[in-house]
Each structure stands twice: as C-alpha cells, then as structure tokens.
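One structure is given below, encoded as structure tokens.
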Amino acid sequence: MPINYYIFLALALFCIGVIGVLTRRNAIIIFMCIELMLNAANLLLVAFSKLHTQVSALPTAGSDAQIFVFFIMVVAAAEVSVGLAIIVMMYRNTHSVDVNFLNRLKN
Amino acid sequence: MSITQILFWLLSALAVGGAIMVVASKSPVHSILFLIITFFAISGHYILLNAQFLAIVNVIVYAGAIMVLFLFVVMLMNLNEESAPPQKNKYILYGGTIAGASLMLVLVAALKQSSQGRYLMDINSGTGGLIENLGKLLFTDYVFPFEISSVLFLSAMIGAVVISKKEA
Amino acid sequence: MDQDISITFPHVLIFFPLLAGLITFFLKKDATVKSWALFSSIITLCVSLGSLYYANNKALSGLTFNYEWLKYIGASFSVSLDGMGRILTLLTALSFPIIFVATYKNQYKNTNSFYGLMLLTQAGLMGVFLASDALLFYFFWELAIIPVYFLCSKWGGEKRIQATFKFFIYTFTGSLLMLVGIIYIYLQTAATQDAAGKIISAHSFAINYFYAAQLTVDQQSWLFWLFFIAFAIKMPVFPFHTWQPDTYEQSPSAVTMVLSGVMVKMGLFGVVRWLLPMFPLAVAKFDTVVIILSVIGIVYASLLAIKQDDLKRLVAYSSIAHIGLMSATIFATKQIGLEGVMIQMFNHGINIIGLWIVIEMMEQQLGVRKISQLSGVAHKAPVLTIMLVVIGFANIALPLTNAFVGEFMMFSGLFQFNSWIAVVALVSIILAAVYTLTMVQKVFYGQVNALTTNMKEISVNAQIALSIIVVAIFLSGIYPQPLFDLTKDTVTAIITRFK
Amino acid sequence: MAVSANMNAIILTAVWGIVMMFGGAFFKQKSTPKYWAIAGLALVIIANCYELFKLDPKGVEHGNLFPVEIKGMLTFDSFNLLFITLVLICTLFLFLLNGRDIEKVGNNVSEYFALIFFVLCGVSIAATYNTLLTLFLGIEILSIPLYILTGSDKRNLKSNEAALKYFLMGSFSTGILLMGIAFIYGGNTGTPTFYINNINLGTGKLPVMIGIGLVFLLIAMVFKVSAAPFHFWAPDVYDGAPTVFTSFMATIVKAGGFIAFIRLFEHAFGTAQQQWQILIAIITAATLLIGNLTAVFQQSVKRMLAYSSIAQAGFMLLSIFAINQFAKEGVILYTAAYSLATIGLFAVLIKMSDYTIDGFNGLAKQQPVLAFTATICLLSLTGVPLTAGFQAKLFMLIAAVNDGHQNWLVVFAVLCAAISAYYYFKIIQAIYFKESTSAVQQWDVTPAFKVLLIITAALILILGIWPSLIIDWLYY
Amino acid sequence: MSNTLQIVWLIPFLPLIGFLINGLGRNHLSKSLTGLIGSGVILGSFLISLFVFFQVKNGNTHVAHYFDFINTASLKVGFDFQVDQLSSLFLLIITGVGFLIHVYSTSYMHEEPSKDFAKYFAYLNLFVFSMLLLVMGANYIIMFIGWEGVGLCSYLLIGFWFKDNANNDAAKKAFIMNRIGDFGFLLAVFWLIAKLGTTDYHQVFALAIDTQKILLTPFDIGGITLLLFLGATGKSAQIPLYTWLPDAMAGPTPVSALIHAATMVTAGIYMIARSNILFTMAPLTQSVIAIIGLATAVVAATIALKQNDIKKVLAYSTVSQLGYMFLGLGVGAYTGAVFHVMTHAFFKALLFLGAGSVIHAMGGEQDMRNMGGLKKYMSITHITFLLGCLAIAGMPPFSGFFSKDEILAEAFAKNPVYWGIGVLTAFMTAFYMFRLYAMTFLGKFRGTHDQEHHLHESPAAITIPLIVLAILAFVGGWIGMPKVFMPNGHRLEAFLEPIFAKSNEHVAALGTAHELSHTTEYALMAISVVGALIALLYAWNKFSKYEKTSEEETGLAKAISNKWYVDELYNAVIVKPVQSIAGFFSNVVEKRGIDGFVNGVGKAVNYGSRQIRLLQTGQVSAYMLMMVVAILILFIIQLFL
C-alpha cells in the first residue's frame, strides 16, 4: 500500500475541510471543518510514523509522531473549549452564529 | 486484494464521504453526526497503521467528548436549520469549492512525481503505537511538552471562565 | 581611527548650536530667548571665523575629530573641516546672526520653540557640512529637515501645512533613496581594522572608504541616480523644483532665509563632497544629461520669474536659476568652474538672504508681497531702496559685486565643457536683468500709491543686517581672493580625481 | 546541546499566571492585581536577566534556576534570551502605562493578567523552541489566550466579532501549520525527527514533501505575523479588541511570531534560502504595499495603527528575507524600537476620547507632554534619524542589501517608508498645527503616566543614538 | 615698480572718493559743496591725466599692477591698469569733457532738491570712475567691470527722475539692451579664456599673432571678434541694438551730453581699437562692422531728418556719427575712428549742452516746433551752437571735417560704395543739423507767451563750458591734418602709431593697403564739402521760415518719423513672444505639467488606498478565500516554477 494513498486521503480530508471553511456560514460548522483539517493532519502524521517505523531500524522510530498527534488532540480539545465559548458569547449577543453578519469591522 | 486493502478502501470511502456530507448537509446536527462517522473511519485507519492508542484516544476525545460538546452547543442554540436567508454572494460558494479543489489538485500533482511517495508499507505490524511505548516516551522524553500543555489547558480554562461568566 | 576627544572646531560648531537650541526651549521670557539666540549664534560665528585661521589645505584632513560611534557597523562620529566645509560653515554661521538681527522685531508665538528649532537647524546644517562619515552625513541630512518642517508648518502662511508637507515628503523620499545608495556602497567597502590590525567591522561608513570602494560602471550608474535624485530635490534642479516656490512662499521669512540661503547648498555640497568623487565613471556618463537638465532649469526658472507677481515666488525662481547654474557647472567638472562654484555658494547665500530681508521689511510694514500692489517705495524708504538696488544688482552679477566673479568663472567653466550649452545658459543674465529691473521699477520707482504712502524707513537693526550684507557683497566682490584660497584644496582634490 | 534551556522566563511566567489566576479570588480592590502583576513581571525580568548575564559565549549557561531535563526541545542563545528580555521589558512598560486601562476592560482583571502571563510564556517558548512540537505548543499557548483577550470586552459586539474572526482564522492557520509539520516530518528521510536543526533538506532542489511542508509552515508563520495576503484578520482584530490588548498584540505577540519565524527559517531551512527567498520577497512587497497604502486612507487612528503595524511587519520581514547577522541584530532592534513606539502611541491613544485623527487636533495645547511623546513615537515609526526606528530600518535595509538578490525590494521598501511618512505625519500635523475643534475633553493623566511616557520617548531617542546598548548583548 | 605712472590709480580713485562723499553725505552737504566736490575730483583726475598724457607722449607707457583680482590655478586676473597712448588719450577726453559737464551741471541741475542734487553728482562721479576703469583696465575683465559700471550709471541717470515711469522704462531698456551686448562680450572673453587661458591684452595679442603655435584658428578669431562687436553694438548703439539711445534722452541733458554722446557710447570703439590686431586678423568681421556701421549711420540719419524733439535729433545724429566711427574701424582706419571719437566728443557735447541751455531757457520745452528765433535772446548759446553744427556738418576747417574725411578717404580706399553711402549720410547730417539750428534759433518765436517772457541767456556756469567746447570743436581737428595738406601733419596718427603698429604690419604683409593719389583725395573732400554745403543752405532757408503745420504726412515720411517702426518690430518679434512663452510656462507647464505630476503621485496613492481597502470586506469567508488563493499561488510558485 503506497504511502501516497494515505497522503492523498489526508489531503482530500484537508481540502474538504478547507472547502467547508470557505463555503459554510455557520460558525460552528466552520469550526467543525477546521477540526476535520486537524484530523487530516493527524492521519498524515500517523501514516508517516508508520512509514518511518519501517524505514528505520529501531522500533520506536515513528512513535514521536504519534506523541505529536496526541498533543494535537490535547490542543484541539483546549481550542474547542475556547472556541465554543466565544461562539456562545457571540450567540448571546446577536442570536446568530452566521459569519456573514460579522461585518461591523471592515475597510 | 488483501483484507487490509479492502479495509483501507472502505475506511477511506467512509471518511471522505462523511467529510463531504459534513460540508454538504444543511442541518448542523447532521453535519456533526457525519463528522463523528468520519472520525470513526479515521480511527479505523489508525488501527490499520498500528496506532492503537491513538485510535482509542481519537474515539474517546474526538468522537466522544468534543463532538458531544459540539452537539450540545448546537442543541442549546437549536439552530438545526440555517436560519439566515440563502447565501447572497454565491461566488464565495463556487470560489471556495474551486479553490479547495485546485489546492488538492496542485498538491497531488506535485506529490505524484515525488520518489518518497512510492514507499510500500505493510499494514498492521509493528508495536510503535502501543500504550506502554508511548507512555514511556511521554513521561521521559516528552515530559516537558506534557507539562507545558498544562499551561495551555489552564489558559483555555481561564478563557472559558472569563468569556462565559456573566458580567456582574 | 584616532580616539581623539580633544575639543576641535568641528564639534564645537555642531554641538554648540545644538546645546544652545535645547537650552532655548527652556527659556521663558521672549526677550531673553531672542538675545540668547542672537548671542549664541554670534559665538558660533566667532568659532567658525577662528577655524579659518587653522585652515591647512589638505582635502579632508584639516580639522578632524573622530569617535567610534557604532563600531560593529563601522560608523564613526568623524567630522572634518576642509575648504568647502569651511566656507559653508562660515556661511551657516554668518547667516544666522544676520537673520536674527533682521527679524529681531518680529513676534512669533512660542518664541522659545521657534528660536530653539532655528538653532537646531543650524546644528543640523553644520553637521551636514562637516560630516566625513556617510551615516553621520545622512543623520544630519535628515536632522536639518525636521526642525524646518516644524518651523514652516507652525509659523508659516495660511497654506503652510500642505506646502510644507509636500516639501517634507518630497525630500524625505529623496533622502531615503540616497540611504539605499549609501548602504549599497557601504557593503562594497573594505573592512576596518584597529591599530593591532584586527578587524573591527566588516565594512565602514568612513568617507575615504567610500571613495576607495571599487564600483563598476553599472553599479555607479544606478547608484548615481539614487544619490542624484536626493540632491536634485534639495537643490532643487529642474524638474524637481516645484516644492520650492510654494515652500518659500508659505514659510516664515526667517526660515525662508535659512532654506534658500543655506539649505539649498546642502544639495550642491552633497554633489561635490559625495557624488562626484564616488562615481567618476557615472558622472562622465551622465554629465551631459544633468547639465542639460540644469540649463533648462536656468532658462525656465528665469522665464517664470518674469511672470511672478509675488515677490517671494520671484526670488524663489531666480534662486532656482542660480542654483541650476551651479549644478550645471559642478557636473562640468572644470577647474575654473568649480572654483567659481565654491565662492558662489557663499555669495549666493549672502545675496538671497539680503533679498529676503528686504521683502520681509516691506511685508512687515505693508502686509503685502504683490508687486502689482506696490509702487514708489523709494520715496518713502530710500535706505531700503539703496540696499535693495545693491543686492539686486549683486543678484544679477554686476561686476564688483560678489556674484560676478563666481558666475563669470562658472560660465566660463561651462563654456569649456560645451560652448553651446554655455550660450543657452548665458541667456539667463539677460532674463535676470529683465525680472530684477522690472521688480525694482514696479516696486520702488514710480508714484507712491495709496498703500505705500504709509511706508516708513526700515528699522535700525534691519539696516544693520542689510549693511552687513552689502559690505560683504562689496568685500568679496572687489577682493574675492581669500575665498579662493580657502577652497583651493577641495577643488584640486576633485579635479585630481577626475584627471 | 545544553542540558536545559531558558526555563526561568517560561516557568516563572507560567507560575505567575497561575498565581494571578488564583489571586482573582482573593484580591479585594480592583487595583491590586495590577501591582501583583507588575511585581511578578519584574521578578521574571530579573530572573531572565540573571540568566542572560550568566550566559557565556560558548552557549553553556549557568543562570538557570530550574534545571529540567528537556531533551533539548528548547535551545537558547544570547539572541533569544535578549529577545525575551526585551519583550518582557516592553510588557512591563505596557503594564506601567496602561495598568489602569486594563482594569477598565472588565471585571476579571486578574484573569486578564494571568492570560497575559500565559501569552508571555508562549512567546518565550516560541522564541526558544528547538522542535516543531514545542513550536506548535508555543504558538498555541500564545494564541489561545489572545482569542479570549480579544473578546474580553463582552458587551461590545465589535470585540465579540473580532474574537470570533480571530479564533476562526487562527485555528485555520493552526490546521495549516500542522499540515506543514506533518509534511516536513514525512519528507524528512534519514532519522525522522521534529528537531528543527536536523531536518534533511537534501542538496539541490528541495524534496517535494519538504517543499510542501515548507510552504505550509511559511504560510502559518506569515499568518501569525500578519503579513499580506494573510493579514486580513489583523485590522479587524486590532480594531475590535480593547485598545490596551491591541497594543499588546500588535507589539509583543507580533514580535513573538517573528522570533519564531526567524528561528524556523534560520535553523530549519536556512541552507535552502535560495529556494524560498522569492516567496518571502513577494510576501514582503505585498505586505509593505497593502499595509502602507491602506493605512493612508484610515480616519480612525486605532485602525490606522493596525495597518501601520502590518506595514512595519513588512519591514521586519526583510530580516527573514535575508537571514544574516545584520538581520538578527535588526530584528532585535526593530522589536525594541517598534514595540516601544507603538506602546507609547497606544498609551496616548487610550487617553483620547475621540479615536479619529481629528481627535488629535490641538493636542499640543492641551497636553504638551503627551503630544511630544506621541510625536517622538511617530517619528520613530517613520524611521527618522535620531530615533530607534531609524536604526532598526537601517539594519533591515543593510541586511537586505547585503543579501543582494532582490535589490528592487529594498528600493520598494524605502518608497513605502516614504508613504508611511505620509500618514504618520498626518497625526503630527493634527497634534501641532491644527486647532482643536471639539470641546476640551477630560484627561485622566497622572504625573506618573507622563513621566513614564517621557522615559519611553527618552529610550527611543537613546536607542536611536546608541543602538549598541542593545546589540552589544548579542556579542559580549 | 618705481615707475611714476604707478600713480595712475589716483585717476579713477578721485571720482570714487567724490562718489562716496556725495553719496553718503547727500543728506547733509550743501549744494555748492556738493558741486564743488563733484567737479573738483574730476578736475583733479584731469590734471593727473594731463601729466600722464605727457609722460606717455615722452614714450613712457606702463602697466601698473595693484592686486590679484582672481588668482587661481585656472585663471589669473590682476587688477591692472594699462597706460599707453590710446588710454591716455581717452583719459583726457573723459576727464576733460567730464569736468566741463560737471561744471555745467552745477547750474543746470540747480532746481533739484539738494538731496537729489548730491545723488546726481554721486552718480556722475561714479560714472566717470567706471568709464576710467573701462579705458584703463589692462585686461578684458577689468574693462568689463567698467563696461558694466557705465551701463549701471547710465541706467541710474536715465532713470534719475524715477517718479515718471517713462524714464524708468527708458532706463530699463538701456540696461537690458546693454546686457544683450554684454552677452556677446562675455562669450568672447570665455572663448579667449578657453583658448588662451588669459585675458591680459599683452598676452592675448601676442598669442594671437604668434605664428609658431597657432592657438587661435581663424574661426576662433572671427568668432571672438564678432562676439566682441556684438558687445560693442550694445554699448555704442549700433544696429540692431541702437534703439535704447534715443529713449535714453529721458535723462538730464548733461547726462546725455556726457554719457550718451561724449564718452560711454564710444566705449565700443575704444574696445575695438584696443583689440585692433584681432579685428585686423578677421577681415570678415571687419566688413561686417563696416556694413553695420554704415547702415546705422544711414538709418539714424534718415530718422533724424524728421524728428522734432531737439534732443532726439541729437541722439540720432550721435547714433549716426557712431556709425561713422564703426565704418572707420571696419575699413581699418583705427586712427580715424579714434580721431572722430575725439572730435565728436567735443562738438556733440557742445551741441547737447547748447540744447540743454536752450531747454533750460525754454523751461523744459524740448519740441523745436515751439521754438525759433532764439538767437536774439541767447547769443552765446547761439554762436557756440552754430559752431557745433558746422563742425558736425564737416565744414572745413572745423574739427569734424578732418576726422570725417579721414574715415571717408579710407572707406573709399577700401570700397567706393562705402564712401558713396558715407558721403550721402554726411549730406543728410548737414541737412538735419541745420534744420535743427534753423528751427531753434532762426525765424520767429513759436512758443507760448510766458515762455517768451522768461527767455534769457544762461548763467556763466553754463556758458563757459559751451565756449570752451566750442573752441575745442573748432581747433580740435587740427592735430590730424591730412597728409595732402601737410606731410606729417597728422600728429595724432604719429602719437597712436605704437598702438596700431601690429595691425599696420599685418595689413602691409597682406599687401591689400593702397594709397590714394592726392587728386582723388582732393576730389573726395571737395564733393563732400560741396554737397554738405548745399544741404546746409537748403535746410537753412527752408526751416528759417518754418510754420507749425498739421497736415498728416504719408508714406515714406510717415515711416521715417515713426523711426522705421523698429521699436514696434522688436516689441512684436521679441518682447511679446518671450512674455507669452513665460506665461505659458508658468500657467501650464509649471502648474499642470510638473507640479501636476508631483501632486498626481500623491493623488494616485490616495486613490489606491481608497480602492485597496475594499479588500477588507469584513467577511471571514472572503478573507479565507483570499488566503487560500494566495496559498495556491505560493504553492504553484514553489513547486512548479
């Protein structure tokens, strides 16, 4: 199974995430798409870790990437808590999470 | 075509399809559910890649905690339909899609020629991703980032508190 | 690089006005401010006169002072006083007391900041003329502008803000381009070493390193323009001159005197001190272009001067014409021409300050500068008239006035470069006569009109200032030799570089 | 590689953040947290300076109070130690000048301080990271509290909007950053690792994966330093955020981003400079152009400063364009000069009742000290000699010319600097040459505030004359 | 340097002193004192000039060096005075005539308030000073100093009554026209410096005729001389720059006498005579000079025929006489030209002063149509004036006859056509001079009654100079007897021989010179004298019974009395275009063009700013879309370019 497949898969997820971010207007869904992007990155890292485990002799070769993924999840969790808090606050004030209405600041 | 390959294609299709649905589906709740499906598929891939620990964490943290949190928020705001009038500026829609797609194209096109991409890797063998290895690593080499990430959490916590506390 | 920290003339010339200016900001009573400013400027004058005695004619040696300032980039606070430096510092030192005396009666609000800024300007100018380190030169080059910017915008005429702003942006842009040039050359210079021969910094800003920098023709060609634009804007040379009439018209007279008397010399100085020696090849390549530009400027400005109705604008354009002649001659790089330029830089300063004082005196009393509104002033203010006539004829380079020798030698330098260009340029002496005499006739002769009936003879200190100028005009007009001797070294240095 | 890295700053900031956090529960008066914060920051600075002084040229350090085994995930040298010290000092100035304005933002004063400390912690990690992991963590620790601080003025819709925009785009860039890291890791043949200085760039043209990863990282970094065309968040966020936090973000955080940027591209990709230089050149040009040009037309000084900060970022990018000794000296100077000036300017701006340029009309009459210091700051931002700003720009230009590949960029940069003079001097005009139109406002300006402003101005001037005061710390 | 002639510096110095005293003390000195100082200093320098003259006559010429005016590596110009035959002669003329005119002025200007009176004398002294510098300078630069100085003084004195703007215009015109001349002069000097590196007469002339190393090609010499001649046309009112001189009559009459008849206008002749060798080596230039001089003579004479302003007539006659002198220079009759300068100085000064006395008596009236029959009121003026007229009309044995005929003879030798036109002009001269004489002194008085009432002979201060000058005008010519009368009667030629020696050698070398036979000379003289006599008599009885008529004259006459419309022509061809070009520049090129461009840059920046800030739409999606596009571009650049 060529590594490329995994790369392409990850890229596909990533780009779908990007498309979502660009096209959707609901802040929450945009945020979810961003999570999707993060996961794409995770998948890629894991795939590479696997790759490196094979390529290099020592058994724990690829595991640093997995640790990294672990940290990414940690960060993601933290981000989510903050992000949702902000979204909620926004919703409290405007009763909408539509990013199209975020245009008080421009030019 | 071995079982692993079948699994690979299956999971990939599941992940991509779920991702597409996340973007496509009108109702936020549905998108969340599709996203959960995608995450499960990704976890499946992790298992294929011998990252068992990550697979578990992924299911627990993402599909479990985070997504539930999302769901909870969406429910709280009960915006199951996009309330606003339909997209006024369509060009963002098309532009976004085209841009994303062409990004994909460019990268794929670039990677196609790369020699590195040709590595064959045999699925499900090796012990790199077992909890004990990772655990050892985490508490020896990676203790510092581990500690530091606590700062991250602290700040996130404070942030959440500051933001959501009612102004007296 | 000697770490000589003994008091030398150059840094007295720079720092005394600087300190005096700073002190001025903290003086309260207007009278004290004025007298202090006058006093300190006179001290400066004495110092610069003193420095003339120590004139030893070796280019760029003479009175130098040197302190390693930013040693890791090889910039040092090194100042030196060669011939051109001497004559221009003398001009700077001389013009300020005259200006202060002439405008002694004027009332500026926030007197202390006005005079403070004036003295800072003087310090900046001194620095420009004394610096023998490129970075230092650029420093002072900018520092001379900033106070002027504030002076003009604060105390100027009604359209002052826009005019000054334009002036500032214009010059600032130019000097930034020059900065790029300086940096580029800096990176071509050799490494500086201390006495032990160990490398202090990879490159140096010192002027002799700049002279020694090995530049190919192509490098010189674009560096030349970077520098030239900065200087051309400052001089100003056609077609970079449009800021000047507006600025002169709008800024307070005292500042106009500084601007036109001394500050325009910065550009000429820059060309002679930096541009010519650094880019001989480029100069050889572009001299005709520049000279033609300048000559166009001469005729063009003279023609415009004929049409002006505002006295200040008239003088501004005539000044553009004179400066154009100087720049043309400089780029001709003929010995006789350069000798002429050297003394003309001094004399032009004196004359034009005189003209401004006369205009200022009339505006003070009558509140107008419009030639069309004035008439028959001579009946009311004969002394003023005589002074004006003398200065006016000096301005059109009548023999035995100071401007003659300079312009004569400049023209003949230009003639030796290319006779036809000289012919075109020489037309300006006719045009100069036209506009000067027309001005004199319309303003001073003829019948007294309703406005000028209440014109009175000018104040005593104005008379003093003007008489100093007139005396200077005749002195250096009848016996210019000392000025030649002062600047011999610079000229020979340049010429030898071009041999 | 040293046993342990610049831990003093990191640990102490983190700890003090916690202290402030818990302090929130105990402090009675609203003004107490400020003093605690100042005290703590002073402590951090002392500790950091101690470390800086004990450093010896060979990079072996003796001043570390917390010898922790970190596997060289952080490294340090005089450069980043000095940088952190500067950043901390600037923050101290911010606290001293605007402490009382932080109190005005909302009720959770001590939490704000806590968050600021966490940001500082993030900055010091981002300044010293040695692996992509710590880079990632540093950036995140630096960003997440900022999202909060931006939105901390909860009633204000602009603040909310700014927070949300910042958050969305910020996490988007995080995604890009991670993608980049992944590709770098994957493309890194030989001994795969996240350590930035044994990334195998190969010889000749970069391997494709590395190339992709590089571009992703580049973009993420460029986003953090708000360079065009990834600057779009900056004006809105700076405009929406409470002014005091804007001042913090626009200076210290941006500088943090730069130091991370420069570390990455010096140590990780320095050897392949030729292959990414053109990208930086393009981005720099775009940033200079958009930043300056857009700033010209702004009526609100706050927003104008936002754009000007983009423009200044463009100038700082020159240091990354040409990574050499001059560039590093330059970036240090630039951080100091730019941060001081901007903080001083914002400090004055906060005191204004009217943020438009006309609001400054006749300031010289009402508040000469404020007027004077604001002018010095503006001159410094313009890059007029005798101010620190000039020295900073000078070094940047020297660095860029010294690199010598894209001289057009340098000329372009100075022309943009000329444009910047255009809008900075509009304010100076308003201050000195225009008469105040509106009624005289109430000023809450304490003598201490004025003194501090004057000190700031004095520092700017001193640095303008003797930049060596800072730079000598790089090599002693 | 123990040469007695070292003291010549006193000659210009005294007038300078006078200028300073009168100028600075003008508010305090009394009129009589002022007049005394003013005339005294001139007398002083006249006496010294006499001494110098005799020194020179005894063959003692000298170049006195005082200090370095310019002394640089590239150019050395000493402040030197050259005393030789030519300059000493001019010294005599200037100081002598000058002195008389000063004396005359003390009475003529007496109505002026003492302040202006002093100013007048200050200017007059200053003029004498500059004129002396002009003739004494030992190099072209010192000459140029005087050259411009006299121009300045003429400017100041023409505009002496500056209340009236007409006078100021005249003054301005004079100065600017002179400037145009200086334009040529300076170019010539630059050319000399560029080629020879010096301006000292001795060196220049030595190098010019140096046949070993040819520093000056014929082209150079031709150019230089032509340019010098351009300078001369300005100063000496030749075509095309003569129009200022008639206007210059706006000044006080003594000024016209001194500056615009006797001395300043002859500066051009002096200059060319001084550099005769150069001109002799440039035959082309010589013929140009001859033709221009001739043309000037004719044109001016024709115009003079119909002028009614007494001073204008004299002015045009001056122009015409100057034309003669240039004809002389053109045909190589340097001695003749200088001779004519001298005689002309006498009789033209006389005529002007006479006219002044008339105007004085008429209370400022200058129009001859309102005069007539004055001879019974003011006899001395009348007699002296008549002598002057005879002298200028070339009647033997008056001075004019000798000088004019010498020139005409040489002209004939060169080219009979020259002579023909010249002699024609002589007839016209006789005609208009006696028209003037008759209209003024003969017939019956045509003025108003109270003018008639005030008519009186002028005071002694006026009449004495008239008498002295009349005598000079009578006998002045005898120092230049033609050879046909007595073999070595031409003392002047003998005296000036060293000056023109080089030229004569050169001509001799070319061998173009050929003596006229005595018979031809007699014939020529006879023709000119007879013709002049006829013209004279015709004018006499035609205008002695002149009546004021008011019929509109037509055709040629109209053109003549309108001075051939030359002023109008210049106005249309030069002044107007320059003005309009200047206007175009200042209104269009400056404002719209150059400044417009500069401001345009600023406008462009503003416009760009207004446009570019529309990028900042406020829409997050739009932002991110733009970012992604940018990412795309970067990737493409990085990966595929």
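Of all the listed residues (D/Ile181, D/Asp239, D/Leu157, D/Ile148), the one sharing the greatest number of non-hydrogen pairs under 4.5 Å with chain A is D/Leu157. The choice from A/Ile72, A/Ile87, A/Val69 that makes the most heavy-atom pairs within less than 4.5 Å of chain D is A/Ile72. Counting heavy-atom pairs closer than 4.5 Å to chain A, the top residue among D/Glu140, D/Arg303, D/Lys165 is D/Arg303. When D/Gly151, D/Ser143, D/Ser171 are compared by the number of non-hydrogen pairs under 4.5 Å with chain A, D/Ser171 comes out ahead. Contact tally against chain D (heavy-atom pairs below 4.5 Å) for A/Ser49, A/Ala85, A/Ala78, A/Ala65: the top residue is A/Ala65. Note: D/Leu178 leads D/Leu132, D/Leu178, D/Ile141 in heavy-atom pairs under 4.5 Å with chain A.
Between D/Tyr185 and A/Leu44, the closest side-chain pair of non-hydrogen atoms is not below 4.5 Å. Side-chain contact check for A/Met89 versus D/Lys154: some heavy-atom pair is nearer than 4.5 Å.
For a residue to count as touching a neighbouring chain, one of its non-hydrogen atoms must lie under 4.5 Å from one of that chain's; by this rule A/Val99 touches chain D with the side chain only. Neither the backbone nor the side chain of D/Phe297 comes within less than 4.5 Å of any heavy atom in chain A. In this structure, chain A has heavy atoms under 4.5 Å from both the backbone and the side chain of D/Phe172. Using a 4.5 Å cut-off between heavy atoms, D/Tyr238 makes no contact with chain A at all. Interface remark: D/Phe136 contributes side-chain atoms only to the contact with chain A (heavy atom separation under 4.5 Å). Looking at D/Leu177, neither its backbone nor its side chain comes within 4.5 Å of chain A, counting heavy atoms on both sides.
Closest approach of D/Ala182 and A/Ala41 over heavy atoms only: CB-O, 4.2 Å.
Rounded to the nearest 0.5 Å, atoms CD1 (A/Ile86) and OH (D/Tyr147) are 8.5 Å apart. Once rounded to the nearest 0.5 Å, the distance linking OG1 of D/Thr174 with CD1 of A/Ile34 reads 8.0 Å.
Looking only at distances, no side-chain donor or acceptor of D/Asp236 sits under 3.5 Å from a matching main-chain atom of A/Asn103.
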